[in-house]
Each structure stands twice: as C-alpha cells, then as structure tokens.
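Presented below is the structure to which this report refers.
When reading the values below, keep in mind they use all heavy atoms of this one structure, side chains included, and skip hydrogens, waters and symmetry mates.
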Amino acid sequence: MGEAINLVNKFKVENVIFNCGPYNVLEQELIKVLDKKKIKYYSCIKELNIDNNKFHFLQTKYYDNENDNSTVIYTKLDGHKFMFMGDAGVEKEKDILDKYNLSNVDVLKVGHHGSKTSSSKSFINEINPKNSIISVGKNNRYGHPNKEALNNLEDSKIYRTDQEGSTEIKINKMEDKIKTYSP
C-alpha cells in the first residue's frame with residue numbers, strides 16, 4: 001500500500017480495489033489522488049470478471065486488524081488454481097477454511113511475507129500448495145520469512161523474491177512454468 005500513490009502516478013491505472021473496512025490514512029491519501037485523476041475505486045467486492053476469468057475475493061468477516069482485512073483472492077486460470085493471501089494471518093486462514101472448500105492450489109502467494117502470523121500448518125495442509133511464492137525484501141528488519149512458515153511450506157516448491165528475485169508464471173492448459181529473475 002505504501003507505494004500505491006507512486007504506482008498510480010507512474011502507470012496507467014483504470015481501477016483500484018480496496019479491502020473491506022474503513023479506509024486508513026494511506027488509503028484516504030490514495031483516494032484523493034484517485035479522485036483528482038478520475039480513477040474509479042471499489043471496496044469489499046466479492047468477485048471480479050476479467051475476460052473469461054473470475055477472481056473470487058474470499059471475504060470472511062471484518063477483523064480488528066489491518067492485516068486480516070487484507071484482500072485474499074482465489075482464481076482458476078486454464079485449470080490451474082491460484083491463491084493470493086495479501087497480509088492475512090492465521091485467524092483469517094482459519095475462517096477461510098471454515099467458509100470455503102479449497103485444496104490442491106497450484107500457486108500460493110504466501111500471506112504476510114511468510115511471517116510467523118501466517119501460513120499455519122493446518123491451512124497449508126488443507127490447501128496443499130504445489131508452488132509457494134514469498135514476496136519479501138532481502139535482509140528485511142522483520143526477519144521474514146519465518147522459519148516456522150518455511151517449515152509449514154516444506155512440501156511445496158518455494159520461490160522467495162529475496163533470493164530468486166522476480167517471479168514469472170506462464171500457464172496453459174497442459175502445464176505451468178515458473179521462471180525467476182535475479183534481484
């Protein structure tokens with residue numbers, strides 16, 4: 001979220017989607033820029049259709065912390081299952097498992113940079129990701145990703161942006177290919 005204004009100012013953005021709940025200070029500042037640039041924005045949507053693809057926003061409830069209010073997205077593209085966890089933690093993971101029937105995810109964007117507050121063993125065992133991508137800065141001050149989160153993901157092929165750099169995923173009906181680019 002911290003770079004959203006820079007992104008909107010440097011790239012062509014048509015729409016912005018916010019997670020559920022009241023807007024925080026950063027979001028309010030972004031909305032001022034969106035209004036000035038006449039960019040549409042939405043909050044707390046349930047699904048988004050792009051071409052023939054449907055993206056499901058896995059809403060569970062309103063939480064008392066910003067991370068668990070993160071947008072979590074699930075989609076199936078050419079038969080491959082993708083799950084993007086935002087900064088969601090273990091409480092939201094449990095609620096997602098209680099509300100949705102998800103298993104055998106092909107690609108998981110790991111929640112909250114692989115922190116100790118995300119990627120619980122029960123959640124990872126249930127969704128059973130084939131590949132896991134952890135977006136994390138090199139030598140970050142939080143020590144992400146956490147060793148326990150990494151252990152929970154041990155049956156998954158792990159890609160870390162601090163080690164492998166950017167990650168590109170190419171899919172078709174037959175296979176998915178993941179390629180990394182050095183940081």
Side-chain angles (χ1 to χ4, degrees), residues 1-78 80 82-89 92 96 107-115 117-119 131-146 149 158-171 176-183:
M1 179 67 213
E3 291 299 318
I5 291 174
N6 288 333
L7 291 170
V8 166
N9 284 329
K10 293 182 180 182
F11 295 94
K12 184 177 190 264
V13 174
E14 293 182 19
N15 299 288
V16 173
I17 299 170
F18 291 98
N19 39 307
C20 296
Y23 297 123
N24 66 28
V25 174
L26 285 174
E27 291 166 330
Q28 291 171 14
E29 291 301 313
L30 175 58
I31 287 170
K32 289 177 189 174
V33 174
L34 298 176
D35 287 342
K36 185 177 177 182
K37 292 179 157 287
K38 296 184 178 10
I39 297 172
K40 294 179 185 177
Y41 59 92
Y42 307 89
S43 177
C44 205
I45 66 173
K46 293 187 188 299
E47 61 185 40
L48 175 67
N49 295 307
I50 300 175
D51 298 326
N52 293 325
N53 302 302
K54 188 174 288 205
F55 294 81
H56 304 275
F57 290 70
L58 306 184
Q59 310 302 349
T60 49
K61 65 180 183 182
Y62 178 72
Y63 298 87
D64 63 359
N65 71 77
E66 191 73 22
N67 289 338
D68 280 335
N69 287 321
S70 279
T71 298
V72 173
I73 302 170
Y74 174 84
T75 190
K76 200 185 275 190
L77 303 171
D78 277 334
H80 301 274
F82 291 82
M83 192 161 186
F84 304 91
M85 293 300 297
D87 280 344
K92 185 160 186 175
I96 286 170
V107 178
L108 170 68
K109 196 301 261 164
V110 174
H112 203 190
H113 317 284
S115 78
T117 64
S118 69
S119 307
N131 300 287
S132 297
I133 300 171
I134 303 174
S135 176
V136 62
K138 190 175 246 176
N139 301 320
N140 65 83
R141 65 181 174 190
Y142 302 104
H144 296 151
N146 176 271
I158 299 171
Y159 298 87
R160 294 173 47 170
T161 58
D162 62 333
Q163 294 178 347
E164 284 94 14
S166 298
T167 305
E168 176 184 63
I169 304 166
K170 290 186 177 185
I171 59 168
D176 54 357
K177 292 182 182 179
I178 298 178
K179 183 176 180 181
T180 59
Y181 299 90
S182 293

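Panel note: side chain His112, backbone Ala88; no donor-acceptor pair is recorded below 3.5 Å. In this structure a side-chain-to-backbone donor-acceptor pair under 3.5 Å is present from Thr161 to Val136. Of the possible donor and acceptor atoms, none in the side chain of Asn67 sits under 3.5 Å from a partner among the backbone N and O of Gly89. Distance alone, capped at 3.5 Å, places no donor-acceptor pair between the Asp51 side chain and the Asn53 backbone. Between the side chain of Thr167 and the backbone N or O of Thr180 there is no donor-acceptor pair closer than 3.5 Å. Looking only at distances, no side-chain donor or acceptor of Lys40 sits under 3.5 Å from a matching main-chain atom of Glu14.
Open room surrounds OH on Tyr142; 12 or fewer heavy atoms of other groups in view lie less than 6.0 Å from it. Annotation for Asn15: atom CG counts as buried by contact number, over 12 foreign heavy atoms lying within 6.0 Å. Heavy atoms of other residues, nucleotides or ligands lying less than 6.0 angstrom from OH of Tyr181 number more than 12.
Closest approach of Thr117 to Ser115, counting heavy atoms only: OG1-OG, 2.7 Å. The minimum heavy-atom distance linking Ile133 with Ile169 is given by the pair CD1-CD1, 3.6 Å. Minimum interatomic distance between Leu7 and Val13 (heavy atoms only, all atoms of both residues): O-CG2, 4.2 Å. Of all heavy-atom pairs spanning Phe55 and Ile50, the tightest one is CE1-CD1, 3.9 Å. Closest non-hydrogen pair, Lys54 versus Asn49, comes out as CE-OD1, 3.3 Å.
Counting heavy atoms from C-beta on, the side chains of Met83 and Ile96 come closer than 4.5 Å.
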Can you give me every donor-acceptor pair (side chain of residues 20-38, partner residue at least two apart or in another chain, under 3.5 Å) with its distance?
from	atom 1	to	atom 2	distance (Å)
Asn24	OD1	Leu26	N	3.0
Asn24	OD1	Glu27	N	2.7
Asn24	ND2	Glu66	OE2	3.2
Glu27	OE1	Asn24	N	2.8
Gln28	NE2	Tyr23	O	3.0
Glu29	OE2	Lys32	NZ	3.2

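A distance of 9.5 Å separates CD in Glu164 from CD1 in Ile134, rounded to the nearest 0.5 Å.
Applying the salt bridge (Lys or Arg N to Asp or Glu O under 4.0 Å) rule to Glu3 yields no partners; only residues at least two apart in sequence or on another chain are considered.
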